[in-house]
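Below you'll find the structure, written out as structure tokens, and then a few comments.
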Amino acid sequence: MNHFIGLVGTNSDHSTNRKLLQFMQKHFSDKAQIELVEIRDVPMFNKPEDKKLPALAQEIADKMSEADGVIISTPEYDHAVPASLMNTLNWLSYGVFPFVDKPVMITGASYGTLGSSRAQAHLRQILDAPELKARIMPSSEFLLGHSLQAFDEAGNLVDEQQVATLEGLFDDFLTFVSITKQLNHAHSINRKIAENFSWEPI
Amino acid sequence: MKLVGIVGSNAELSYNRILLKYIAKQFSHLFEMEVIEIKDVPLFNQSDDQTNSPAIQRINNKIMHADGVIIATPEHNHTIPAGLKSLIEWLSFKIHPLENKPVMIVGASYYAQGSSRAQLHLRQILDAPGVNAIVMPGNEFLLGKVKEAFDEQGNLKDQGTQKFLESILQKFVRFVKVLAALEGPKKLAKPEDLHATGKIDTTIEGVDMAAEDWVEKAAEAVDAVEGKTYVKLDRGILTVDQLNYFLASMPMELTYADSNNQFLYYNHTLPAEEMLASRTPGQVGNPLADCHPLKSLKNVEWVIQQLRSGAKDAVRVHVPTHGPDKYVVHNYQAMHDKAGNYVGINEFILDFKPIIDWYLKQTGQKLVGDVDAVSGASANDNHDVDGVSGATANDGVHKNVDTVSSTSVNH
């Protein structure tokens, strides 16, 4: 069975993105094992010269390297990914390369109608940077709008159509993960590019 | 025009910082720009509101008081750095200082891209409803291969790049003015309570402010320490006596007025008639209205409004009534707490002549009677002087700029 990391894309105590990942963890428990990872206590990125990651960032990096894939659920702050998630991604590309060629599925929830659409597009672009270089599942979007009303008391998604969409996307992701394992011709080059990326003062 | 330049990186060595410092220095004829740092700003967390922390309030105050903002962003992971995003999240959560603020984006990067993607993201972010900044369209300034771009003095090497930067900064200055016109006339500053009828948390109540012995009575009311008692300061420990020796030896006349417009302190070393601006021991404690003649109160109010609103950090006036052997300047310097809130005025009155003479002697230089150069220097204060010379007008001085510049030329 595949082992995935579900990365909660915010440091907030209350997050419907966390709820969405918790729902997926439960709902897809017969198809994959999803381990939720929190970014709340990851310190501010400050480009330390010795390239030593804070313990928590290193722990997340190690977990990701081990995992078969990563699901990131992001809210949208100011038309973009929250600083706390950007901060974690900065660490996860600083002398470590857990994302290189890692299959990634993006989901997102928002209180309003748009379901974090712009943050998701932003996140795709970030994950495509040479020092991250993830394999993002193409042509797939899961935008959960009005997320405060989306779950019942047991934490289940109420709208059946949303559940069906999510199930379809998750099955696609399982397929995408196995396909990605064959997309390995550029891996050594991608890895080298990431390793050679210079974080010199920019 | 007052601008704030935000360094989008928290790194110790940042070419974006070098770029902003270069802009501030090179284009000081277009605007006055203060370069501010984001490294003390905590990571945004909506469950842990730190809007009122000094680090965020200081930046909030600076932006609110500026006519426009220039942000210099590097590019991390194809986007802006988390630290810069974090600042913008704080500035769009409980407070919104960037709303309707003219903003220009510049960026430097190590590679050829010059932070192109980060700049586009930054535009998108600044356009979000909680931020609502007005970003100048077009006019991208992407400085790629930045390692080779500056010389050792921190100046841009390439003439063409310099010219281009100047042309878009000129456009930004016009952009700021056009937006100001769109906003309509500036709100009039609130009238100043020169009679100090209000109260701040340090105001000593129950003592007549006008009393000759206000100091003694107020000291008794709050049980003020004196003599050999130690006071802890940032940064050091002195006794009250030592503090007095220290302040008395300052080669200038110091006056402290708090944000309630009450005169609280001067370094009393000379009798009133020997001072550059006379003060008497009995005046301390008075509201500012009682320290100035009626006709100059308007000017006093104008100065305080400039300092309180942040329109100016300091107002300087040359008072040429002391004869040709002195160059006496009244400096009204705004004081702020760590969060950048206005807390009062530090007025220091200083004769610059001995300093200039010493400098000329040390360096072997001579003043050349270039009228243009000198009047140009003081002309910066042109519109202030009328307003301010009145403020110091205990001595009833009213001089215009021409008098000021020609006075200095005579030396």
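As a basis for the values below, the full set of heavy atoms in this structure was taken, side chains included, without hydrogen atoms, waters or symmetry mates. In what follows, chains carry the letters A, B, and so on, assigned in the order in which the sequence lines appear, proteins first and then strands, with residues in each chain numbered from 1. Source: prediction; values computed, not measured.
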Query raised in the report: Do B/Phe93 and A/Tyr77 have their ring centres less than 6.0 Å from each other?
Result: no

Report summary line: Here the pair of heavy atoms bringing A/Lys47 nearest to B/Ala11 is CE-CB, 3.9 Å

Report task. Would you mind checking which part of A/Leu132 comes under 4.5 Å of any heavy atom in chain B, side chain (CB onward), backbone (N, CA, C, O), both or neither? Result -> side chain

Query - A/Lys26, NZ atom: more than 12 neighbouring heavy atoms under 6.0 Å - result: yes

Report task. Could you tell me which of B/Asp127, B/Ile80, B/Leu43, B/Leu84 has the largest number of non-hydrogen atom pairs under 4.5 Å with chain A? Result -> B/Leu43

Query raised in the report: So does B/Lys338 have more than 12 non-hydrogen atoms from other groups sitting under 6.0 Å from NZ?
Result: no

Query - Spatial distance of atom CD (A/Glu49) from atom CD (B/Glu12) [nearest 0.5 Å] - result: 7.5 Å

Report summary line: So, the part of B/Leu126 with a heavy atom under 4.5 Å from chain A: the answer is neither

Query - Distance, nearest 0.5 Å, that separates CD of B/Glu89 from CE of A/Met86 - result: 8.0 Å

Query raised in the report: So does B/Lys2 have more than 12 non-hydrogen atoms from other groups sitting under 6.0 Å from NZ?
Result: yes

Report summary line: If one checks every heavy atom of B/Asn10 against chain A at 4.5 Å, the contacting part turns out to be side chain

Requested in this report: Without swapping roles, check the side chain of B/Ser47 against the backbone of A/Ser12 for a donor-acceptor pair under 3.5 Å.
Outcome: no

**Report entry** Any A/Arg118 side-chain heavy atom under 4.5 Å of B/His121 side chain
**Finding:** no

Requested in this report: Please check if atom NZ in B/Lys39 has more than 12 non-hydrogen atoms from other residues, nucleotides or ligands closer than 6.0 Å.
Outcome: no

Query - Flag side-chain contact, heavy atom, 4.5 Å: B/Lys85 against A/Asp78 - result: yes

Query raised in the report: Hey, does A/His79 have a side-chain heavy atom less than 4.5 Å from the side chain of B/Pro129?
Result: yes

Report task. Tell me yes or no: between the side chains of A/His122 and B/Thr79, is some donor less than 3.5 Å from an acceptor? Result -> yes

Query raised in the report: Should we say atom NZ of B/Lys163 is surrounded by more than 12 heavy atoms from elsewhere, each under 6.0 Å from it?
Result: no

Query raised in the report: Rounded to the nearest 0.5 Å, what separation is found between the NE2 atom of B/His76 and the CG atom of A/Asn90?
Result: 6.5 Å

Query raised in the report: Under 4.5 Å between any side-chain heavy atoms of A/Met44 and B/Pro42, yes or no?
Result: no

**Report entry** Side-chain donor-acceptor pair present, B/Asn77, A/Ser93, cut-off under 3.5 Å
**Finding:** yes

**Report entry** Within 6.0 Å of CD in A/Glu66, more than 12 heavy atoms from elsewhere
**Finding:** no

